[in-house]
**Q** 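The structure is given below, and queries will be raised subsequently.
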Amino acid sequence: AMGMARFWRRFRFFWHEFRKRRKYGAAIRPEGIRSQAEELGHLAELAGRSVPLAGLEARHLAELAQAMAHLVEMTRTADFCRLSADRRLALHDNLREAREKLLASVQKAGLASEKPQ
């Protein structure tokens with residue numbers, strides 16, 4: 001039989017997970033993460049094609065697009081579905097942050113290239 005202390009620990013864990021999943025719902029479902037990753041991947045590809053970037057930045061964008069394609073595939077696995085709500089939320093936040101950084105750097109690069117020489 002499971003000891004009472006262990007039961008409460010597990011109960012708290014499940015309750016925490018339940019609350020997180022309720023609160024962040026769609027955002028941390030595999031489909032939610034997948035669409036975030038797809039969008040970021042497309043943005044990275046688009047930026048790589050249309051913005052004049054230094055070699056290092058261009059390589060970074062290519063790697064980001066590749067990583068996102070890989071993440072999209074991972075969201076379809078059973079392992080991904082077993083990730084805790086906390087891990088998924090962290091991933092969700094990291095993706096949102098990466099998207100904001102990417103948009104900011106693309107904007108900066110675009111503005112820099114429009115300046116009269």
**Q** Measuring only between side-chain heavy atoms, which start at C-beta, is Leu61 closer than 4.5 Å to Leu43?
**A** no

**Q** Taking atom CZ of Arg21 and atom NE2 of His16, what is their separation to the nearest 0.5 Å?
**A** 10.0 Å

**Q** What are the two closest heavy atoms between Glu17 and Ala85, and how far apart are they?
**A** OE2-N, 3.0 Å

**Q** Do the rings of Trp8 and Phe11 sit parallel, tilted or perpendicular, given the 30° and 60° boundaries?
**A** perpendicular

**Q** Starting from Leu89, walk the hydrophobic network (Ile, Leu, Val, Met, Phe, Trp, Tyr; side-chain heavy atoms closer than 4.5 Å) and list everyone else you reach, by chain and number.
**A** Tyr24, Ile28

**Q** Hey, does His42 have a side-chain heavy atom less than 4.5 Å from the side chain of Glu39?
**A** no

**Q** Taking all atoms of both residues into account, what is the closest heavy-atom pair of Ala65 and Glu45, and its distance?
**A** CB-CG, 3.9 Å

**Q** Report, as yes or no, whether the 6.0 Å neighbourhood of atom CZ on Arg76 holds more than 12 heavy atoms from other residues, nucleotides or ligands.
**A** yes

**Q** Going from CZ on Phe80 to CZ on Arg87, what distance comes out if it is rounded to the nearest 0.5 angstrom?
**A** 9.5 Å

**Q** Quick one: hydrophobic cluster around Leu46, which other residues, with the 4.5 Å side-chain cut-off, linked directly or via members?
**A** none

**Q** What is the distance from atom CE of Met68 to atom CD of Glu73, rounded to the nearest 0.5 Å?
**A** 13.0 Å

**Q** What closest approach, in Å, do Ala37 and Leu71 show between heavy atoms, and which atom pair accounts for it?
**A** CB-CD2, 3.8 Å

**Q** Just to verify, which of Gln36, Arg88, Arg34 counts as forming a side chain to side chain donor-acceptor pair (under 3.5 Å) with Thr75?
**A** Arg34

**Q** Does one hydrophobic cluster hold both Val72 and Leu91, with members joined at side-chain heavy-atom distances below 4.5 Å?
**A** no

**Q** Just verifying a value: how many Å separate Phe7 CZ and Arg12 CZ, rounded to the nearest 0.5 Å?
**A** 10.5 Å

**Q** Locate the shortest heavy-atom distance separating Leu40 from Arg99; write the atom from each residue and the value.
**A** CD1-CA, 3.6 Å

